[in-house]
Amino acid sequence: MSVPTYAKSKFISKEPLDPNEAKWAKLVKITYSDPNGVERTWESAERTTRPASSDIDGVGIVTILDKSSGPELLLQKQYRPPIDKVVIEVPAGLIDSNETVEECAVRELREETGYVGVADQTSTVMYNDPGLCNTNLNMVHVRVDMSLPENQDPKPQLEDNEFIECFTLPLSSLFEELKRLDAEGYAIDARVGTIAEGIELAKRLKL
């Protein structure tokens, strides 16, 4: 069986990064005072890509496709060098200058998946890992009308450094499907895992 393109990336090496070579992030030292008045320091990472016109770094995109067997969540497989694994993710991307989060979500969805949609709902600001970095995002629900001609055979518009495979999983069995993918060696992005956990809680509590 042939290896999918997204899975052909290979980890080569890791070494300290010279700050002068950094393109997307920087390390900072924060000094703060704790509740007892003790001065302390914290090491943190910051993105350097956030536009001056925005308070947000990027978006995660929730797109649910209506299939004959029921609703399915649009997902991606993408190799991520920091963990040397293929990750199961929702479509996502960074905000361009003078772009709203909704415009960003619609643009990124089309570029990464080929689907044309309309922003339907936007979450609160979320922080990916506030103990490590200040990176934040909005989750944007983008509605895709599967009856439109442009959504019959969607073609992604990937950049030359993007190797992404799109696929869907049923919402009704998302938790179990992610367990299966985890057992197969895939990494599960926290945003996808949280959606699955939320569905399980809703089932258990009969919300």
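What you see below is based on every heavy atom in this structure, not just the backbone, and it leaves out hydrogens, waters and symmetry mates. The first residue in the sequence is number 1, and the count goes up from there.
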Self-check item: Carboxylate-amine/guanidinium contact Asp96 Arg107, below 4.0 Å
Solution: yes
Quiz item: What heavy-atom pair brings Met139 and Val90 nearest, and what distance separates the two atoms?
Solution: CE-CG2, 4.3 Å
Exercise. Please check if the side chain of Lys203 supplies one atom and the backbone of Ser172 the other of a donor-acceptor pair under 3.5 Å.
Key: yes
Practice problem: Would you check if Leu94 and Arg47 make a side-chain contact, meaning some heavy-atom pair closer than 4.5 Å? | Solution: yes
Quiz item: Which is it for Val192 and Leu178 under the side-chain contact (heavy atoms from CB on, under 4.5 Å) test, yes or no, and what are the steps along the way?
Solution: CA-CA 9 Å; Val192 179; Leu178 293 182; 3.7 Å; yes
Self-check item: Chi angles and distances behind the side-chain contact (heavy atoms from CB on, under 4.5 Å) call for Asp57, Ile95
Solution: CA-CA 6 Å; Asp57 289 302; Ile95 291 181; over 6 Å; no
Quiz item: Given side chains that start at C-beta, do those of Arg40 and Thr31 come closer than 4.5 Å, heavy atoms only?
Solution: no
Quiz prompt | Heavy-atom side-chain contact between Tyr32 and Thr41 under 4.5 Å | solution = no
Quiz item: What's the spacing between Asn128 CG and Cys133 SG if we round to 0.5 Å?
Solution: 6.0 Å
Exercise. Walk me through it: do Glu165 and Gln76 pass the test side-chain hydrogen bond (donor to acceptor under 3.5 Å, both in side chains)?
Key: CA-CA 5 Å; Glu165 178 183 295; Gln76 299 180 160; over 6 Å; no
Practice problem: Using the six-membered ring of Tyr186, assess whether NZ or CZ of Lys85 lies under 6.0 Å from its centre and within 45 degrees of the ring axis. | Solution: no
Self-check item: More than 12 heavy atoms from other groups under 6.0 Å of CG on Asp55
Solution: no
Quiz item: Applying the 4.5 Å side-chain criterion to the ILVMFWY set and letting contacts propagate, would Leu137 and Val101 be lumped into a single cluster?
Solution: no
Practice problem: Measure the shortest side-chain to side-chain distance between Leu171 and Ile199 over non-hydrogen atoms and say whether it is less than 4.5 angstrom. | Solution: yes
Quiz item: For the side chain of Ser173 and the backbone of Glu176, is there at least one donor-acceptor N/O pair under 3.5 Å apart?
Solution: no
Quiz item: Does CZ in Phe11 sit with more than 12 non-hydrogen atoms of other residues, nucleotides or ligands closer than 6.0 Å?
Solution: yes
Self-check item: same_hphob_cluster(Val144, Leu74) at 4.5 Å side-chain heavy-atom cutoff
Solution: yes
Practice problem: For the pair Arg180 and Asp182, find out whether any cationic side-chain nitrogen is under 4.0 Å from an anionic carboxylate oxygen. | Solution: no
Quiz item: Rounded to the nearest 0.5 Å, what separation is found between the CG atom of Asn151 and the OG1 atom of Thr113?
Solution: 8.5 Å
Practice problem: Please confirm whether the backbone N or O of Gly131 pairs with a side-chain atom of Trp42, one donor and one acceptor, at under 3.5 Å? | Solution: yes
Quiz item: Between atom CG of Asn98 and atom CD of Glu103, what is the distance when rounded to the nearest 0.5 Å?
Solution: 9.5 Å
Self-check item: Contact check, side chains of Leu75 and Leu169, non-hydrogen atoms, under 4.5 Å
Solution: yes
Quiz prompt | Ile61 versus Ala105, closest heavy-atom pair with distance | solution = CD1-O, 3.3 Å
Quiz item: Which value, rounded to the nearest 0.5 Å, describes the distance between Glu99 atom CD and Ser53 atom OG?
Solution: 9.0 Å
Quiz item: Going through the checks in order, is the side-chain contact (heavy atoms from CB on, under 4.5 Å) test met by Asn138 and Val125?
Solution: CA-CA 5 Å; Asn138 286 108; Val125 177; 4.1 Å; yes
Practice problem: Heavy atoms only: give me the nearest Asp34-Asn36 pair and the separation to one decimal. | Solution: OD1-N, 2.8 Å
Quiz prompt | Shortest non-hydrogen contact from Val106 toward Ala119 | solution = CG2-N, 3.8 Å
Quiz item: Any chance the side chains of Gln78 and Glu89 put a donor and an acceptor closer than 3.5 Å?
Solution: yes
Practice problem: For the pair Glu112 (side chain) and Leu109 (backbone), establish whether a donor and an acceptor sit closer than 3.5 Å, ignoring hydrogens and angles. | Solution: no
Quiz item: Is the backbone N or O of Arg143 less than 3.5 Å from a side-chain atom of Asp120, with the two atoms forming a donor-acceptor pair by type?
Solution: no
Practice problem: Find the distance between NZ (Lys179) and CD (Glu177) and round it off to the nearest 0.5 Å. | Solution: 13.0 Å
Quiz item: How about Lys77 and Phe167: do any of their side-chain heavy atoms sit closer than 4.5 Å?
Solution: yes
Quiz item: Shortest non-hydrogen contact from Ile188 to Gly193?
Solution: CG2-N, 4.0 Å
Quiz item: Should Tyr127 and Leu132 be regarded as members of a common hydrophobic cluster, given that ILVMFWY residues are connected when their side-chain heavy atoms come within less than 4.5 Å of each other, either directly or indirectly?
Solution: no
Quiz item: Would you say Thr168's side chain and Glu72's backbone share a donor-acceptor pair under 3.5 angstrom?
Solution: no
Self-check item: Trace of the salt bridge (charged side-chain N to carboxylate O under 4.0 Å, His left out) decision for Lys155 with Asp153
Solution: CA-CA 7 Å; Lys155 294 287 193 298; Asp153 186 24; 2.5 Å; yes
Self-check item: Side chain to side chain, Thr135 and Arg50, heavy atoms closer than 4.5 Å
Solution: no
Exercise. Check the pair Thr122 / Glu102 against side-chain hydrogen bond (donor to acceptor under 3.5 Å, both in side chains), numbers first and verdict last.
Key: CA-CA 8 Å; Thr122 302; Glu102 291 80 13; 2.7 Å; yes
Self-check item: Within one Ile-Leu-Val-Met-Phe-Trp-Tyr cluster: Leu174 and Ile64, side-chain cutoff 4.5 Å
Solution: yes
Practice problem: Please report the shortest heavy-atom distance between Pro154 and Pro156, naming the atom on each side. | Solution: O-CD, 3.8 Å
Quiz item: Around atom CD of Glu39, are there more than 12 heavy atoms of other residues, nucleotides or ligands at under 6.0 Å?
Solution: no
Quiz prompt | Audit row: Ile88, Asp189, side-chain contact (heavy atoms from CB on, under 4.5 Å) steps and yes/no | solution = CA-CA 6 Å; Ile88 306 300; Asp189 183 272; over 6 Å; no
Quiz item: Mind checking whether Ile195 and Val87 sit in one hydrophobic cluster, side chains of I, L, V, M, F, W, Y counted as touching below 4.5 Å?
Solution: no
Quiz item: Can you check whether Pro149's main-chain N or O pairs, donor with acceptor, with Gln152's side chain at less than 3.5 Å?
Solution: no
